[in-house]
Amino acid sequence: AISSVREFHGKGDAYAWLSCFGKLAGLYDWSPNDCLRVAESRLTDAAQRWLQNKEFADWHNFTQQFLRRFGETTETAIARYENCFQELGESPQHFRDRFTYAATRAGYDENSRVMLNEFIKRLDPKLFQVVILKQLDSIEEVVSFCNYYLGITAANDKGTRIRSVKFTDDLYPVGES
């Protein structure tokens, strides 16, 4: 299990490394103390030198100091943005939050038409196919439509007769034109 965590040398995207680490920690059901021990064992080179003579109160403290030291450069911000796609099972809202954060950190205006088009292209392929047919003017409209569409498909897939689905604070009618 520990060997499945790739080593971090002190160069590269520290956020991506922590993200992958977090997924593995969840998969293996590691406690915060386990996370701290495993992470420390997977640091090499410059990261290992940084680690020497450091003590961390807990996992959260480690991640804060780790990101402060190895966190984002302009290059890693742009790389994170360029690799930001909706993950399998990720809600439209969560993807919107990740996407706008990545776009902002990379120096892009998330309110531009270009960003709207980029957001749509990076949606789950099934959502992309239906969203691209709509004339939506903002990322918020795309998220709202995705919630509406997912509600309809969920109701149809289950054969359930429901009149509305609540994915956000707004109710969306189901099965009506």
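Because the structure is a prediction, the values reported are computed rather than measured.
Of all heavy-atom pairs between Cys84 and Arg98, the closest is SG-NH1, 3.6 Å. Between Ile139 and Leu116, the shortest heavy-atom contact is N-CD1, 3.6 Å. The two atoms that bring Gln65 and Glu55 nearest to each other are NE2-O, 4.4 Å, heavy atoms only.
Taking 4.5 Å as the limit, every side-chain heavy atom of Asp124 sits out of range of all side-chain heavy atoms of Glu90. At least one side-chain heavy atom of Val143 sits less than 4.5 Å from a side-chain heavy atom of Phe119. Looking only at side-chain heavy atoms (C-beta outward), Phe85 and Lys121 stay at 4.5 Å or farther from each other. Leu127 has its side chain within reach of Cys146: a pair of non-hydrogen atoms, C-beta onward, lies under 4.5 Å apart. Proximity of Glu118 to Tyr81: side-chain heavy atoms (C-beta onward) are separated by under 4.5 Å at one or more points.
Looking at residues two or more places apart in sequence or on another chain, you find no side chain to side chain donor-acceptor pair (under 3.5 Å) involving Glu141. Checked against side chain to side chain donor-acceptor pair (under 3.5 Å), Glu140 has the following partners two or more places apart in sequence or in another chain: Arg96. Contacts of Tyr15 classified as ring pair (Phe, Tyr, Trp, His ring centres under 6.0 Å), with partners at least two apart in sequence or in another chain: none. Remark: Lys54 pairs with no residue by the side chain to side chain donor-acceptor pair (under 3.5 Å) rule, at least two apart or across chains. With sequence neighbours excluded, the residues that form a salt bridge (charged side-chain N to carboxylate O under 4.0 Å, His left out) with Asp13 are Arg80.
The existence of a salt bridge linking Arg37 and Glu40 is excluded, since no basic side-chain nitrogen approaches an acidic carboxylate oxygen closer than 4.0 Å.
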Run the side-chain hydrogen bond (donor to acceptor under 3.5 Å, both in side chains) test on Ser144 and Asn147 for me, step by step, so that the C-alpha distance in whole Å, both residues' side-chain angles and the decisive distance to 0.1 Å come before the verdict.
CA-CA 5 Å; Ser144 179; Asn147 286 327; 6.0 Å; no
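Note: Trp50 and Phe56 have tilted aromatic rings, judged against thresholds of 30 and 60 degrees for the angle between ring planes. Ring-plane geometry between Tyr149 and Phe145 is classed as parallel, the angle between the planes falling under 30 degrees on a 0 to 90 degree scale with a further cut at 60.
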Cut-off 3.5 Å, no hydrogens considered: what does the side-chain donor-acceptor table look like for residues 1-12, sequence neighbours left out?
unit_1, atom_1, unit_2, atom_2, d
Ser4, OG, Ala1, O, 2.4
His9, ND1, Thr44, OG1, 2.6
His9, ND1, Asp45, OD2, 3.0

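Residues Trp59 and Phe66 keep their aromatic ring centres 6.0 Å or farther apart.
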